[in-house]
Amino acid sequence: MLPPPQFSHADFVAVLSRCATLAHLKQLHAHSVVTARATAQTTTFHLLRFASLRLSCLPYARRLFDSTPHPNVFLYSAMLSAYAAASPAHAYSRDTLALFLRMLHRGRPAPNQFIYPLALRAACAVGVQLIRSIHSHACKSGFHAYDVIMTSLLDGYSRYGMMPDARKLFDGLTERNVVSWTALVSGYARAGKVGNAIVLFDQMPERDVAAWNALIAGCAQNGLFVEAVGICNRMVGEGFRPNGTTVSCVLSACGHLGMLKIGKVIHGYAWRNCVGFGSSVVNGLIDMYGKCGNLKEARWMFSEVSDRSLTTWNSLINCLALHGHSESAIAVFSEMRDEGIEPDEVTFVGLLNACTHGGFVNEGLMYFELMNGELGIEPEIEHYGCIVDLLGRAGRFEDVMSVIKNMKVQPDEVIWGSLLNACRKHRQLELAEFAIKKLLQLNPNNANYVVMLANLYSEGGFWEEVTKVRKLMQEDIMGKKLPGCSWIEVDRKTHTFYSGDDAHPESEDICNILEELAASMEMCQD
DNA sequence: ATAGGGTTAG
């Protein structure tokens with residue numbers, strides 16, 4: 001039932017807004033063609049926006065765009081917005097930039113102030129050079145006084161850690177608002193300068209939920225989990241309502257801290273407030289329950305999600321691996337592949353960790369090969385760490401050394417540390433000495449390594465070396481040693497333990513039980 | 001008629 005051909009533009013928009021499926025939209029599109037309404041680019045504009053933003057049908061949107069002989073700047077920006085709204089973010093950066101370059105190349109239509117922010121967002125996925133050239137292009141075209149464009153640039157530079165450039169842009173804005181402030185705050189946080197971020201945040205004349213989220217995420221990204229939870233508390237106290245983004249950030253912080261109680265409180269909050277139980281919140285819940293050791297709940301949350309994103313799978317695999325449920329982690333991985341989800345580099349960190357913890361040497365090597373070969377995922381240092389650990393534990397030192405030699409990245413402390421661990425287990429004195437020396441090169445201030453070297457020499461009876469190392473220990477390094485620390489929450493009270501500290505009132509009992517556990521673990525080894 | 005800041009997995 002279509003309206004008569006002479007219906008007005010307002011009627012057209014009204015009918016469009018009631019299209020529930022692509023089939024409806026196509027009918028309206030056909031009708032527009034027949035009635036010659038489609039020759040007006042305004043019509044195409046509306047159809048394109050609706051196809052992309054409401055029906056998430058990018059191919060159809062692009063066909064609408066491509067069927068327009070000389071798209072005007074509105075159609076370009078509608079197409080670029082469609083790409084920007086797609087998920088995952090930056091999935092269509094290349095297409096976005098290709099269209100932007102086409103505009104510049106053809107000289108028509110000239111990009112306006114709405115085009116630059118869209119192009120810049122895509123440029124963030126490519127590199128800072130591109131951001132620079134778009135910056136100069138924008139300035140040459142007279143857009144240097146457009147705050148929105150300058151804020152996009154500010155954000156782009158800050159994503160590459162170039163805070164002085166970002167700051168300069170911020171100071172040059174004609175009017176600073178909550179968006180530009182937030183961009184700067186999260187820039188400092190991403191650059192690891194949380195102190196600056198907090199100071200700026202406190203100076204902000206006006207805040208919204210996104211501004212709070214920027215600070216909370218910034219703390220969490222820098223390992224300040226307690227602060228992240230605290231700021232969330234402060235935010236609620238000041239009358240702001242946490243949304244899905246807030247909830248996932250804080251859940252992640254709770255997971256890292258093992259704060260199951262607070263995690264449950266946030267779970268309850270999200271439930272009561274219907275804070276879009278969108279995938280990010282559920283992913284956060286899986287991660288939080290999993291990291292806190294409540295794998296049953298994590299699996300339950302997982303089973304409750306209907307649209308599982310890659311992150312959903314990665315969260316579960318990682319948690320299972322973390323708690324030594326190696327077979328389950330591998331099983332979930334196969335399930336994931338059966339469902340046609342393409343694993344990424346994070347998936348393989350979890351999977352390889354599972355193989356390492358379970359001692360599945362052949363499986364681990366097979367998955368490493370699958371990742372590197374068939375799937376073409378370039379191994380990162382974390383993956384090499386897993387492989388070194390895997391081979392080292394199995395005593396395959398020649399293979400370990402050949403992996404380390406052929407790595408495309410510089411070995412870090414995790415790599416040499418894993419090798420060292422393996423050497424101690426398999427009593428490989430010479431290689432252990434080599435590993436410790438590498439560790440000391442990377443981090444001369446870590447006194448632990450010097451102590452290990454001394455122990456190693458005395459175990460082997462190399463007394464001259466022992467004397468040399470002991471002398472080194474007495475010099476400057478020892479004061480810099482940071483004691484290891486761990487904590488656990490029991491009945492709303494957090495118990496903290498430093499390495500070698502017996503301050504806890506039940507320290508003696510705890511140590512006795514630890515010794516018993518260690519003894520029974522020894523028994524299980526053989 | 002269109003644009004900028006805040007997620008989660010290692």
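Within every chain, numbering begins at 1; the chains are lettered A, B, ... in the order of the sequence lines, protein sequences first and strands thereafter. For clarity, every value in this text was computed on a predicted model and none was experimentally measured.
For His357(A), the side-chain contact (heavy atoms from CB on, under 4.5 Å) partners are Ser326(A), Asn353(A), not counting sequence neighbours. By the ring-ring contact (aromatic ring centres under 6.0 Å, His included) test, Phe74(A) pairs with no residue at all, sequence neighbours left out. Partners of His46(A) according to the ring-ring contact (aromatic ring centres under 6.0 Å, His included) rule, which considers only residues two or more places apart in sequence or in another chain, are His9(A).
Interface residues of residues 409-417 of chain A facing DNA chain B, ordered by number: none; criterion, heavy-atom separation under 4.0 Å. Within residues 213-227 of chain A, the residues that have a heavy atom under 4.0 Å from DNA chain B are, in order of number, Asn213(A), Ala214(A), Ala217(A), Gln221(A). Residues of residues 152-163 of chain A having a heavy atom closer than 4.0 Å to DNA chain B, listed by number: Ser152(A), Asp155(A), Arg159(A). Within residues 38-58 of chain A, the residues that place at least one heavy atom under 4.0 Å from DNA chain B are, in residue-number order, Phe45(A), Arg49(A).
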Just distance, no hydrogens or angles: give the donor-acceptor pairs under 3.5 Å from side chains in residues 178-188 of chain A, sequence neighbours left out.
unit_1, atom_1, unit_2, atom_2, d
Ser180(A), OG, Asn177(A), N, 2.9
Ser180(A), OG, Asn177(A), O, 3.0
Ser180(A), OG, Asn177(A), OD1, 3.1
Thr182(A), OG1, Val178(A), O, 2.6
Ser186(A), OG, Thr182(A), O, 3.3
Ser186(A), OG, Ala183(A), O, 3.4

Side-chain donor-acceptor contacts of residues 376-383 of chain A below 3.5 Å, not counting sequence neighbours, with atom names and distances?
unit_1, atom_1, unit_2, atom_2, d
His383(A), ND1, Glu380(A), N, 2.9
His383(A), NE2, Glu345(A), O, 2.7

Atom pairs and distances, donor-acceptor, side-chain atoms in residues 314-324 of chain A, under 3.5 Å, two or more places apart:
unit_1, atom_1, unit_2, atom_2, d
Asn314(A), OD1, Thr347(A), OG1, 2.7
Asn314(A), ND2, Asp344(A), OD1, 3.2
Ser315(A), OG, Thr311(A), O, 2.8
His323(A), NE2, Gly290(A), O, 2.7

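Taking every nucleotide of DNA chain B with any atom under 4.0 Å from a non-hydrogen atom of chain A, the first and last of them, 5' to 3', are dA1(B) to dG10(B).
Pairs of residues two or more places apart, or lying in two chains, that qualify as side chain to side chain donor-acceptor pair (under 3.5 Å) and include a residue from residues 155-168 of chain A are His135(A)-Tyr157(A), Asp155(A)-Arg159(A), Ser158(A)-Arg190(A).
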